[in-house]
Amino acid sequence: GIQVEQSPPDLILQEGANSTLRCNFSDSVNNLQWFHQNPWGQLINLFYIPSGTKQNGRLSATTVATERYSLLYISSSQTTDSGVYFCAVEGYSTLTFGKGTMLLVSP
Amino acid sequence: IAGITQAPTSQILAAGRRMTLRCTQDMRHNAMYWYRQDLGLGLRLIHYSNTAGTTGKGEVPDGYSVSRANTDDFPLTLASAVPSQTSVYFCASSESLNTEAFFGQGTRLTVV
């Protein structure tokens with residue numbers, strides 16, 4: 001199956017800083033999603049982005065399908081951005097998740 | 001409010017007991033999924049269903065069964081629970097395969 005690797009595994013930021021999270025995948029994909037799991041465990045959809053670039057407020061994502069990676073940008077981070085960010089990809093059937101990047105934003 | 005509802009929210013279960021986790025969606029999505037989330041292992045697919053009446057095995061199906069009698073409901077059954085099935089279980093749905101997936105709030109299951 002498809003392998004999904006996320007980096008970095010952990011990240012600590014001061015409030016207001018910017019960050020880039022990376023997702024590498026091993027094969028062609030039909031679907032790529034970014035999720036935020038908040039401290040209460042809820043999985044929140046951030047982006048559905050099999051290719052191209054999307055922006056939503058302080059967050060943006062870019063997927064370069066031909067080079068098999070996706071980037072999630074967080075600008076002007078806030079404490080509410082803390083949590084785990086997951087990349088999930090779908091090749092032929094179902095979503096495969098990376099192990100996530102745990103982000104802590106301190107005030 | 002449209003979405004996915006899981007029940008129960010949490011449960012403590014004696015080993016050897018039978019348990020069914022419920023999942024209902026009202027978005028008329030064709031595809032539904034069950035994942036388990038464990039520390040250090042991320043989310044792993046247990047079973048999925050492309051459409052009502054069909055199911056398929058995911059990465060970690062052993063000890064679990066599912067059914068899809070209609071579009072809205074996708075229950076997950078543990079026939080005889082074991083402590084290694086202690087986990088957080090997430091149900092998800094999508095309009096079809098390869099489209100955006102949405103997740104329920106999760107069920108925290110502890111098998112003792």
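Chain naming here is simple, since letters A, B, ... match the order of the sequence lines and numbering starts at 1 in each.
Listed for the A:Asn45 side chain is a donor-acceptor partner under 3.5 Å among the backbone atoms of B:Ala101.
At most 12 heavy atoms of other shown residues, nucleotides or ligands fall within 6.0 angstrom of atom CE in A:Met102. Atom CG of B:Leu41 has more than 12 neighbouring heavy atoms from other residues, nucleotides or ligands inside a 6.0 Å radius. The environment of CD in A:Glu15 is crowded: more than 12 heavy-atom neighbours from other residues, nucleotides or ligands sit within 6.0 Å. No more than 12 heavy atoms of other residues, nucleotides or ligands sit less than 6.0 Å from atom CZ of B:Arg17. Other residues, nucleotides and ligands place no more than 12 heavy atoms under 6.0 Å from the CZ atom of B:Arg108. The environment of CD in A:Gln55 is crowded: more than 12 heavy-atom neighbours from other residues, nucleotides or ligands sit within 6.0 Å.
The hydrophobic cluster containing A:Leu71 does not contain A:Leu21, counting ILVMFWY residues as joined when their side-chain heavy atoms lie under 4.5 angstrom apart, directly or transitively. Each of B:Val111 and B:Phe90 belongs to its own hydrophobic cluster when Ile, Leu, Val, Met, Phe, Trp and Tyr are linked at side-chain heavy-atom distances under 4.5 angstrom. Taking hydrophobic clusters as Ile, Leu, Val, Met, Phe, Trp and Tyr residues chained together by side-chain heavy-atom distances below 4.5 Å, A:Val105 shares a cluster with A:Leu59. Hydrophobic clustering keeps A:Tyr48 apart from A:Tyr85 (ILVMFWY residues linked when any side-chain heavy atoms are closer than 4.5 Å, directly or through intermediates).
Contacts between B:Tyr48 and chain A at a heavy-atom distance below 4.5 Å involve the side chain alone, from C-beta outward. Both the backbone and the side chain of B:Leu43 come within contact range of chain A, with heavy atoms under 4.5 Å apart. When heavy atoms are compared at a cutoff of 4.5 Å, B:Glu59 does not approach chain A at all.
Taking 4.5 Å as the heavy-atom cut-off, the residues of residues 33-43 of chain A that approach chain B are A:Gln33, A:Phe35, A:Gln37, A:Gly41, A:Leu43, ordered by number.
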- Task: Mind running side-chain contact (heavy atoms from CB on, under 4.5 Å) on A:Leu95 and B:Tyr33 for me, showing each step along the way?
- Result: CA-CA 9 Å; A:Leu95 278 175; B:Tyr33 317 84; over 6 Å; no

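Heavy atoms only, all atoms of each residue included: B:Leu45 and A:Thr94 are closest at CD2-OG1, 3.2 Å. Pairing each heavy atom of A:Phe86 with each of B:Gln37, the nearest pair is CZ-NE2, 3.5 Å.
Between A:Phe97 and B:Phe103, the gap from one ring centroid to the other is short of 6.0 Å.
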